[in-house]
Amino acid sequence: MKTIVVLSHCILNTASKVKTDESDLAEEYLVRDRLLRSIVEKNVQVIQLPCPEFILYGSRRWGHVRDQFSHPHFREESKRMLEPVFLQLEEYASYPEEYEILGIVSVEGSPSCGYRLTCTGAWGGELGTDGETVEDIKKKLVMKEESGVFMQQVEKGLVERGLNIPILSMNETVDLLSQR
């Protein structure tokens, strides 16, 4: 039997992330490293989700919050991007004696791909040019225990198709793989 995991895009391609000081991502990258090593060691097959932020806004975008993606166009585009992935998952799920879909792996804190934690706030996207404005913007941002907009569409699509596939954090996936 082959085991399959579905990864949020930036787990395999960190170049798709918003440009930032990489040291801010050190903890996430340590977990990512453990996850990818486990996937290779356990011979787990990988499906990569598309990155809606990169597709819609490109590599030179600035950071966003969930509230900025919570609109009809982003949700519709997310559904469209996910359709080929859902077709693959339906195919694999139709042969449970051959394939086990371990889960879909989120990136906690992401406004798109966080599942249990996302960045949110009353930020319209203005950047300002003075330090005071930037600090005021930072004060509006919070991490909330809710799903990012893309992961909401993932979950909705799974339910609509009757696919019983869990959405997991990177840490949860590492733990699951270590038990195999």
Side-chain angles (χ1 to χ4, degrees), residues 1-14 16-18 25 27-40 42-56 63-71 74-96 99-120 142-180:
M1 176 178 292
K2 293 209 181 265
T3 301
I4 300 168
V5 69
V6 183
L7 299 180
S8 291
H9 188 90
C10 66
I11 295 172
L12 290 174
N13 178 14
T14 60
S16 67
K17 287 180 144 327
V18 169
L25 301 172
E27 186 177 321
E28 177 184 313
Y29 282 10
L30 286 173
V31 176
R32 175 185 167 271
D33 185 60
R34 287 196 329 254
L35 173 62
L36 295 177
R37 286 179 192 278
S38 294
I39 286 170
V40 171
K42 305 289 183 175
N43 196 30
V44 174
Q45 310 308 302
V46 175
I47 297 173
Q48 184 180 26
L49 290 174
C51 175
E53 295 178 44
F54 187 88
I55 291 170
L56 292 172
H64 290 79
V65 293
R66 179 183 173 275
D67 309 66
Q68 292 167 303
F69 296 145
S70 189
H71 59 81
F74 192 90
R75 285 189 291 274
E76 282 302 312
E77 287 299 312
S78 295
K79 286 195 301 193
R80 185 185 59 74
M81 289 176 215
L82 286 165
E83 189 58 31
V85 175
F86 284 134
L87 292 174
Q88 291 175 68
L89 294 176
E90 286 176 319
E91 176 67 11
Y92 289 123
S94 66
Y95 298 101
Y99 306 103
E100 174 194 20
I101 305 169
L102 188 66
I104 296 171
V105 185
S106 64
V107 176
E108 297 308 317
S110 166
S112 296
C113 291
Y115 183 60
R116 291 188 186 87
L117 188 67
T118 188
C119 183
T120 187
V142 294
M143 289 293 184
K144 250 188 181 171
E145 291 183 9
E146 49 188 41
S147 295
V149 177
F150 194 67
M151 278 299 149
Q152 288 174 337
Q153 296 306 313
V154 168
E155 188 172 44
K156 185 177 178 186
L158 292 172
V159 170
E160 288 171 352
R161 289 166 175 77
L163 294 169
N164 188 20
I165 302 170
I167 300 175
L168 307 165
S169 70
M170 284 193 277
N171 279 321
E172 289 170 326
T173 309
V174 168
D175 290 346
L176 274 174
L177 289 173
S178 71
Q179 297 169 15
R180 295 174 166 261

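From a predicted model like this one, the values you see are computed outputs, not experimental measurements.
- The aromatic rings of Tyr92 and Tyr99 stand perpendicular to each other, their planes meeting at an angle above 60°, with 30° marking the opposite boundary.
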- Item | Verdict with reasoning, Val85 to Ile104, per side-chain contact (heavy atoms from CB on, under 4.5 Å) | CA-CA 11 Å; Val85 175; Ile104 296 171; over 6 Å; no

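- How far CD of Gln153 is from CZ of Arg80: 13.0 Å, rounded to the nearest 0.5 Å.
- When atom types are taken as modelled, the side chain of Arg66 and the backbone of Thr120 share no donor-acceptor pair closer than 3.5 angstrom.
- Within the 4.5 Å cutoff, the side chain of Glu172 has heavy atoms near those of the Arg116 side chain.
- Using a cut-off of 4.0 Å between Lys/Arg side-chain N and Asp/Glu carboxylate O, Glu100 and Arg180 are scored as salt-bridged.
- At most 12 heavy atoms of other shown residues, nucleotides or ligands fall within 6.0 angstrom of atom CZ in Arg37.
- Counting only heavy atoms from C-beta outward, the side chains of Leu56 and Phe69 never approach each other to under 4.5 Å.
- Here CG of Leu176 is found 10.5 Å from CG of Leu35. Values are rounded to the nearest 0.5 Å.
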- I would like to know whether Met151 and Leu49 meet side-chain contact (heavy atoms from CB on, under 4.5 Å); could you show each step before the answer? CA-CA 11 Å; Met151 278 299 149; Leu49 290 174; 3.9 Å; yes

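- The shortest side-chain heavy-atom distance between Leu168 and Tyr115 does not fall under the 4.5 Å cut-off.
- The shortest distance between side-chain heavy atoms of Ile47 and Leu89 falls below 4.5 Å.
- Put simply, the side chain of Val105 does not reach to within 4.5 Å of the side chain of Ser8, judged on heavy atoms.
- Here the shortest heavy-atom pairing between Cys119 and Pro111 reads O-CB, 4.1 Å.
- Residues Leu102 and Leu177 are in side-chain contact: their nearest non-hydrogen atoms beyond the backbone lie under 4.5 Å apart.
- Formation of a donor-acceptor pair under 3.5 Å by the Ser178 side chain with backbone atoms of Asp175 is found in this model.
- None of His9, Glu53, Glu28 except one satisfies the side chain to side chain donor-acceptor pair (under 3.5 Å) rule with Lys17; the exception is Glu28.
- Within the 4.5 Å cutoff, the side chain of Ser112 has no heavy atoms near those of the His64 side chain.
- Side chains of Gln152 and Lys156 form no contact here, defined as non-hydrogen atoms less than 4.5 Å apart.
- Across all non-hydrogen atoms, the minimal contact from Cys113 to Ser106 is O-CB, 3.1 Å.
- Residues Ile11 and Arg32 share a closest heavy-atom pair of O-NE, 2.6 Å.
- Thr14 contributes no side-chain N or O that, together with a main-chain N or O of Cys10, makes up a donor-acceptor pair within less than 3.5 Å.
- Here the closest non-hydrogen pair linking Glu108 and Leu117 is OE1-N, 2.7 Å.
- Without hydrogens or angle criteria, Glu76 side chain to Phe74 main chain gives no donor-acceptor distance under 3.5 Å.
- Taking CD1 from Ile101 and CG from Leu163, the interatomic distance works out to 6.5 Å, rounded to the nearest 0.5 Å.
- Interatomic distance, CD of Gln48 versus CG of Leu12, reported as 4.5 Å (0.5 Å rounding).
- The nearest pair of heavy atoms linking Leu158 to Ile165 is CD1-O, 3.5 Å.
- The only option from Glu83, Glu155, Glu91 that meets the salt bridge (Lys or Arg N to Asp or Glu O under 4.0 Å) definition with Arg161 turns out to be Glu83.
- With hydrogens and angles disregarded, a donor-acceptor distance shorter than 3.5 Å links the side chain of Thr118 to the backbone of Ser110.
- The CG atom of Leu36 sits 11.0 Å away from atom OG1 of Thr173, with the distance rounded to the nearest 0.5 Å.
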